Asker: 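Starting off with a structure, shown below.
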Amino acid sequence: LLNDYSRKFAVTWGSAPYALRVLPIATLPGSGLRSKSTEAFRISDAGYIVGKQWLVRADSVPLRWDPGGETVSVLRPPQGVSADDEVKDVNSNGIAVGLRVTAGPNPPFRRTVIWFTPKLSISLQSEGDGFDDNYANAVNDAGTIAGYAIPLGTTVSHAFRRIADGEMQDLGDLPGGEDSSVAYGVNDANQVAGSSTSESGLRAVLWDTDGSPMDLGELPGGGEWDYGASALNDAGVVVGGYNDGEDGGIFVWTAATGMQNIVDLIDPLDPLYPRIASGELQIQINDLNDAGVMVGAAASTSESIPIVLVP
C-alpha cells in the first residue's frame, strides 16, 4: 500500500532486490465513479491479486488483477442485480470469494459470493444447509471455501467449510463454548483456521480435514488473552492475533513448537527490532505462503511500514 498523503495506490514488489510497482486502477464509467485510492490485500500462488478501489462518490468496488498485475478487472454482480460486494480471497485459478449484500428484507440478504470470472458470479443460498446469512473469508486452489454463517433461527456465527459444489459443513465450536465460531483461512489439505468460544474464553482453532477442532493453546506465561487464527499455509503453520481489549500482538503456531510470540522470532539485529520490541511499532500479518514467508506491516498511529518476514 503506497500513500501520497491524500491518495493510496495498490502496489506489488518483484523478487529481491524488491522493485516497487504501482498496480493499474480500473476504468469506471460515470463521472461520479472517479477513483480515490486502491488497495491490494491477497495474492495467490499463481499471481492473481484481489483488492478494492475506493471511489469519490461511492464506497468501493472489488478488483482482481491478473498474474503480472497489468490487467485489472472489476468483480461485478450479475446484470440487473443491485448489490454491494466485497472480495476476500483468490486462488490460483483466479476464482475469488467474498460477501454480497443484496436488497431484501430488513436487514438485507448477506451471502457468500463466488466469482468464477470477473463477470460471472453466484451467491450461495444456504437455507437448505440450515444457515441464513453466510460470509466467505478464504478459498483454496481446489475451490473449498471457509467462512462463517448464521444458523437459521439464531443470531450466533458458526464456522463453515464448503467443498467445491458441495454443502456447507458446520464446523461447530470448542467444548464449553457459547456456540460461536468463525473461520478465516483454509489450506489445500482442507484444514481450516479461525476462532471459537470455549470454556477458557476465545481461542484460536485449527479444524482438521475431518472437521475436528484443535485448540491451539496459549502463549507461554499465560495472561488473560483472547486468541484468533487468521491464516495458515499448506505446511500447517498458523498465524493469528491475541489481545485483551487494550494490548495484543501476533502469534505463530506450528505442531512442533506450539504458539510463539512473533516478536520473539524476529532477528534482534534487524534495524526495526528495537522499535518493535519496545512496542513503538506493532506487527500486523496479512498472509503467509507455503515457504512460511509472511507479509504485513510494522505500524504505529503515525506510520505504516510494509514488511516481509522470511524464516
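Worth saying up front: this structure is predicted, and the values here are computed from it rather than measured. Residues: numbered from 1 along the sequence shown.
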Asker: Just by modelled atom types, is the A149 backbone N or O under 3.5 Å from a matching donor or acceptor in the S157 side chain?
Answerer: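 Here the side-chain-to-backbone pair does not exist.
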Asker: For D210, check side chain to side chain donor-acceptor pair (under 3.5 Å) against everything at least two apart and list the hits.
Answerer: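 Partners of D210 by the side chain to side chain donor-acceptor pair (under 3.5 Å) criterion, ordered by chain and then number, come out as S212.
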Asker: Out of curiosity, M214 CE to S196 OG, how far, rounded to the nearest 0.5 Å?
Answerer: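 It comes to 14.0 Å.
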Asker: Going by salt bridge (Lys or Arg N to Asp or Glu O under 4.0 Å), name the pairs with one or both residues in residues 239-261, residues two or more places apart or in two chains.
Answerer: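 Of all non-adjacent pairs touching residues 239-261, none passes salt bridge (Lys or Arg N to Asp or Glu O under 4.0 Å).
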Asker: To the nearest 0.5 Å, what is the distance between CG (D173) and OG (S180)?
Answerer: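 Here the rounded value is 7.5 Å.
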Asker: Starting at OH of Y48, measure out to CG of N91 and round the result to the nearest 0.5 Å.
Answerer: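 Result: 9.0 Å between the selected atoms.
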Asker: Any pair with a residue in residues 292-311 that passes salt bridge (Lys or Arg N to Asp or Glu O under 4.0 Å), sequence neighbours left out, goes on the list, sorted by first then second residue, please.
Answerer: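 Passing the test, one end in residues 292-311: R275-E303.
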Asker: Considering only residues two or more places apart or on different chains, which pairs with a residue in residues 175-200 satisfy salt bridge (Lys or Arg N to Asp or Glu O under 4.0 Å)?
Answerer: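 Checked against salt bridge (Lys or Arg N to Asp or Glu O under 4.0 Å) - neighbours excluded - no pair reaches residues 175-200.
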Asker: Can you list the residues that meet the side chain to side chain donor-acceptor pair (under 3.5 Å) rule with R203, with sequence neighbours excluded?
Answerer: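 Scan of R203 (side chain to side chain donor-acceptor pair (under 3.5 Å), adjacent residues dropped) gives D215, E218.
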Asker: Please answer whether the main-chain N or O of G296 pairs with a side-chain N or O of N286 as donor and acceptor at a distance below 3.5 Å.
Answerer: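 Judged by distance alone, no pair lies under 3.5 Å.
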Asker: With sequence neighbours left out, write down each residue that passes salt bridge (charged side-chain N to carboxylate O under 4.0 Å, His left out) with K52, or none if nothing qualifies.
Answerer: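 Expected list: none.
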Asker: Once you round to the nearest 0.5 Å, how far does CD1 of I150 lie from CZ of F160?
Answerer: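 Reported to 0.5 Å precision, the distance equals 10.5 Å.
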Asker: Got a second to check how far S121's OG is from I114's CD1, nearest 0.5 Å?
Answerer: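 So the OG of S121 and the CD1 of I114 are separated by 9.5 Å.
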Asker: Among residues at least two apart in sequence or on other chains, which ones pass ring-ring contact (aromatic ring centres under 6.0 Å, His included) with F251?
Answerer: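 ring-ring contact (aromatic ring centres under 6.0 Å, His included) check on F251 returns nothing, list empty.
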Asker: So which pairs with a foot in residues 248-264 pass side-chain hydrogen bond (donor to acceptor under 3.5 Å, both in side chains), sequence neighbours left out?
Answerer: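 Every side-chain hydrogen bond (donor to acceptor under 3.5 Å, both in side chains) pair that includes a residue of residues 248-264, provided the two are not neighbours, is Y242-N261, T254-T257, T257-Q260.
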Asker: Quick test of your reading: applying side-chain hydrogen bond (donor to acceptor under 3.5 Å, both in side chains), list the pairs with at least one residue in residues 137-153, sequence neighbours left out, ordered by first then second residue.
Answerer: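 Only S92-D141, N140-N190, T144-N190 qualify under side-chain hydrogen bond (donor to acceptor under 3.5 Å, both in side chains).
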Asker: Please write out which residues are connected to L309 in a hydrophobic cluster, directly or through intermediates, given that two of Ile, Leu, Val, Met, Phe, Trp, Tyr count as joined at side-chain heavy-atom separations below 4.5 angstrom.
Answerer: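 L309 clusters with V237, V239, I250, V252, I262, V263, L265, I266, L272, Y273, I276, L281, I283, I285, L288, M294, I305, I307.
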Asker: If every non-hydrogen atom of A229 is compared with every non-hydrogen atom of V238, which pair is closest and at what distance?
Answerer: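 The pair with the smallest heavy-atom distance is CB-CG1, 3.5 Å.
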Asker: Could you tell me which residues satisfy side chain to side chain donor-acceptor pair (under 3.5 Å) with S195, sequence neighbours excluded, listed by chain and number?
Answerer: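 S195 satisfies side chain to side chain donor-acceptor pair (under 3.5 Å) with no residue once adjacent residues are dropped.
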Asker: Please report the closest heavy-atom contact between G185 and A146, naming both atoms and the distance.
Answerer: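 Closest heavy-atom pair between G185 and A146: O-CB, 4.1 Å.
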Asker: Determine, using the 4.5 Å side-chain heavy-atom cutoff (strictly less than), whether L75 and V72 are members of one ILVMFWY cluster.
Answerer: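 The answer is no; the residues belong to distinct hydrophobic clusters.
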Asker: For D85, enumerate each residue passing the side chain to side chain donor-acceptor pair (under 3.5 Å) test, keeping only those at least two apart in sequence or located in another chain.
Answerer: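 Expected list: R100.
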Asker: Is a side-chain N or O of Y135 found less than 3.5 angstrom from the main chain of V182, in a donor-acceptor match?
Answerer: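 No, the answer is negative, given that no donor and acceptor are paired below the 3.5 Å cut-off.
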Asker: How long is the gap from CD on E167 to CZ on R162, to the nearest 0.5 Å?
Answerer: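 Interatomic distance, E167 CD to R162 CZ, rounded to 0.5 Å: 9.5 Å.
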Asker: Might you point out which heavy atoms bring W115 and E86 nearest each other, and give the distance in Å?
Answerer: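 Between these two residues, the closest heavy atoms are CH2-O, 4.1 Å.
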Asker: For a quick test of reading the model, state the closest non-hydrogen atom pair linking G98 to A136 and the distance between them.
Answerer: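 Heavy atoms only, the tightest pair is O-CB, 3.7 Å.
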